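To start, the structure itself, in structure tokens.
A quick note: this is a predicted structure, and the numbers were derived from the prediction, not measured. Below, chain A is the first sequence line, B the second, and so on; all start at residue 1.
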2 protein chains.
Amino acid sequence: MIPTTTPTRWQLADGREMLFFDLPGRHSDPVTDRRALTPNAQPPSQLRFDRTTGEWVIIAPARQERTYKPPADRCPLCPGPSGQTSEIPAPAYDVVVFENRFASLAGAGRPAPADGVAAPFVSAPGLGRCEVVCFTSDHCGSFAALTPAHARLVVDVWRHRTRDLLAHDAVEQVFCFENRGEEIGVTLTHPHGQIYGYPFTTPRTTTMLRQADTYRAATGTNMFGDILRHEIRDGSRIVARTGAFTAFVPFAARWPVEVHIYPNRFAHSLADLDDAELDDFADLYRDVLGRLDRMYGAPLPYMAALHQYADADAQREGYFHAQVISTRRSAAKTKYLASSESVMGAFINDVSPEALAATLRRL
Amino acid sequence: MIPTTTPTRWQLADGREMLFFDLPGRHSDPVTDRRALTPNAQPPSQLRFDRTTGEWVIIAPARQERTYKPPADRCPLCPGPSGQTSEIPAPAYDVVVFENRFASLAGAGRPAPADGVAAPFVSAPGLGRCEVVCFTSDHCGSFAALTPAHARLVVDVWRHRTRDLLAHDAVEQVFCFENRGEEIGVTLTHPHGQIYGYPFTTPRTTTMLRQADTYRAATGTNMFGDILRHEIRDGSRIVARTGAFTAFVPFAARWPVEVHIYPNRFAHSLADLDDAELDDFADLYRDVLGRLDRMYGAPLPYMAALHQYADADAQREGYFHAQVISTRRSAAKTKYLASSESVMGAFINDVSPEALAATLRRL
């Protein structure tokens, strides 16, 4: 039985919702947000359908003005006990979630239609939800440095938010992720992640589900489960294993650093995992991020993300997994996505997946 | 009638092929490459099939050691009259093409099989061809600053190389492009582009052709032609037009700077264009790149690329166009592809396509 996670609900000065999640035995004590924030008057974003690819693109000009690399002593994600200096009006917190002030997606309503439209220019309102998740109040911390219980709390928060946002009428898909490092454009260094509630199924998810359906039709088995089985049997790209999860570098890794973490049994999402499995996932996820930070003796810029699937017929082949990638191709060099990747989608990876896995196993 | 472009063929010390293309009335005079280069002993690259996306990934660990930001006085793309200091053993040149010393794809043979394979880990040799195209011997020049005749010569070179490489037995698709600027990872500042001869059809091309086939089945017309017609009728995203070509910001632009250049009539590739149309294309392409450089009063980092299609049944809906994109979202800010784009393929563009088009029209 999984303990229920009941957050303390709060509201920011401009009406945005905030949720405090506490470690066992602790209790958040927020104060009134006294900042002179006015409700967001930015023009809403728009979805536009790219006919040439069949994919939605989010056009969000209001985000141009978002906070850009504030000094550390004005970090908007550190606790703000006075209610005047930070996004988080509280003397302390464990994990806190709030609506992004510079949201690419916001508002309730019907999600975007699936396609099949014949008009030349098809658009839809940029509905949905963008949340910020502060992993810890320690400005200099990291996910890898969280205690096991704290990492597990973040996993529970992802589980809570996924369930909540899937009930949001505009949300088709929930995406929990962490962007870390200036090299990938992160403007706030305080350890935090984000959650997007998209009003459409993302292109990558659509592609993976299509591949998995094709695979099922051809073989009668689940594509992701077979990939995991083959990786375990081969062994050369395995990074680490626990009783319930396996971390490996995928055979056709696109990125110079890329690790996938699969549950050893089929699950659609965090919602399908039991208490012990959730502990196991938090441990292995933290372990993998820790190995990445030891690769070059400095925090590695990375993107860490959860692929979760809904318990719906169209997503029945979806197999929960985490994906961690980095553009760092050596201690001092970065992989850039240039024309081959950005225009043609043809990835060139300068690092051998087996060599990466061997390095990560040692660390 | 289009004048034939007959290059002077040369060979580098390690056996790589080089082609000199001259402006009318000029004649290249290469010298012997006297450098102590040994034939490439790097391990060849490998294609790996990513089952989860149905896409080939190129794994090329040998590229890790490629030339990285040499000082300007040791530029390997400037003319080297002694045959000892540069990749280009000649006192001068107009446009020169040669095989990349750090090729991601090299060698002849059968191209990669299309798919449908059931083995767990499917790979193929990284066959194909990677060429470098030096646009001018002027180290501080740019494509936008070429004379009209010189720009047209580069277009003729692309046409020549496309035809030649399509005859290469490993090559399925030819991709001519220019990556410019440190911001997108370009390690040599000398004005140059590249040509890839891929042993597979790239993911983006496959997607666009699938969309165009679906569109044809639904409407009886060509998708790209309809997009162009609608853009011209709407007008709000048009950047510039000539008799034979139209430049516009696409309705669902993914990038903060994105311009597409379409011929006003259907053509698969440069090979389908007549002499006057090729002049027109060179002019408008140069014009668009010039506008980009005037946006922020400094050379804009960009990727400029040609979408060309083969005169084959599977590509019959393919409509030739150029695509120019930049990650620069304001004078001082860069758009990074973070988790939403890199993991889920969901692009968020902070710039309004109509605002970008209005800016570019004025410049």
Side-chain angles (χ1 to χ4, degrees), chain A residues 48-55 57-61 63-64 68 104 118 120-121 175 177 179 184-185 196 198 202-205 207-208 211 218-219 223 226-227 230 234 251-252 254 303 305 323 325 329-330 333-334 336-340 342-353 355, chain B residues 48-55 57-61 63-64 68 104 118 120-121 175 177 179 184-185 196 198 202-205 207-208 211 215 218-219 223 226-227 230 251-252 254 303 305 323 325 329-330 333-334 336-340 342-353 355:
Chain A
R48 293 189 178 190
F49 190 72
D50 177 7
R51 176 73 55 202
T52 67
T53 58
E55 296 169 4
V57 173
I58 302 164
I59 307 285
R63 273 169 56 83
Q64 274 281 46
Y68 193 70
S104 326
F121 301 121
F175 182 44
F177 62 96
N179 294 331
I184 53 159
Y196 277 13
Y198 295 105
T202 62
R204 175 56 54 95
T205 300
T207 297
M208 292 202 300
Q211 286 294 115
T219 67
M223 174 185 75
D226 274 8
I227 287 172
H230 293 311
D234 179 281
F251 169 72
R254 281 171 162 67
M303 299 170 242
Q323 179 179 4
I325 59 180
R329 67 180 171 93
S330 69
K333 293 177 189 168
T334 294
Y336 293 88
L337 300 189
S339 295
S340 186
S342 296
V343 176
M344 286 306 186
F347 274 67
I348 303 167
N349 184 356
D350 297 340
V351 172
S352 141
Chain B
R48 293 190 177 188
F49 190 72
D50 177 6
R51 177 73 54 202
T52 67
T53 58
E55 296 169 2
V57 174
I58 302 165
I59 308 285
R63 273 169 56 83
Q64 273 283 44
Y68 194 70
S104 324
F121 302 121
F175 182 43
F177 62 97
N179 294 330
I184 53 159
Y196 276 14
Y198 294 105
T202 62
R204 175 56 55 94
T205 300
T207 298
M208 292 202 301
Q211 287 294 114
Y215 193 90
T219 67
M223 174 185 75
D226 275 7
I227 287 172
H230 293 310
F251 169 71
R254 280 170 163 68
M303 299 170 242
Q323 179 180 4
I325 59 180
R329 67 179 171 93
S330 69
K333 292 178 191 167
T334 294
Y336 293 89
L337 300 190
S339 294
S340 186
S342 295
V343 176
M344 286 305 186
F347 274 67
I348 303 166
N349 184 356
D350 297 340
V351 172
S352 141

Among A/Phe121, A/Phe177, A/Phe347, which has the most heavy-atom pairs under 4.5 Å with chain B?
-> A/Phe121
Ranked by heavy-atom pairs below 4.5 Å to chain B, first place among A/Ser339, A/Gly345, A/Ala346, A/Pro203 goes to A/Ser339
Can you name the nearest heavy-atom pair linking A/Gln211 to B/Arg51, along with the distance?
-> NE2-O, 2.8 Å
Residue part contacting chain A, namely of B/Asp50, when any heavy atom lies under 4.5 Å | both
Side chain proximity check, A/Tyr198 to B/Ser340, heavy atoms < 4.5 angstrom | yes
Is there side-chain contact between B/Arg204 and A/Val343, with heavy atoms separated by less than 4.5 Å?
-> no
Residue part contacting chain B, namely of A/Met223, when any heavy atom lies under 4.5 Å = side chain
Should A/Asn349 and B/Arg48 be marked as a side chain to side chain contact (heavy atoms under 4.5 Å, CB included) after you check the CA-CA gap, both sets of side-chain angles, and the distance that decides it?
-> CA-CA 11 Å; A/Asn349 184 356; B/Arg48 293 190 177 188; over 6 Å; no
Side chain, backbone, both or neither: which part of B/Ile325 has a heavy atom under 4.5 Å from chain A?
-> side chain
Can you see which heavy atom on B/Ile59 is nearest to which on A/Val351, and at what distance?
-> CG2-O, 4.0 Å
With a 4.5 angstrom heavy-atom cut-off, could you sort out which part of A/Phe251 is near chain B: side chain, backbone, both or neither?
-> both
Heavy-atom proximity to chain A below 4.5 Å, by part of B/Ala305 | side chain
Closest heavy-atom pair, A/Leu337 versus B/Leu337, reported as atoms and distance to 0.1 Å, is CD1-CD1, 3.7 Å
For B/Met344, is it the side chain, the backbone, both, or neither that has a heavy atom closer than 4.5 Å to a heavy atom of chain A?
-> both
Of all heavy-atom pairs between B/Tyr336 and A/Ile184, which one has the smallest distance, and what is that distance?
-> CB-O, 3.3 Å
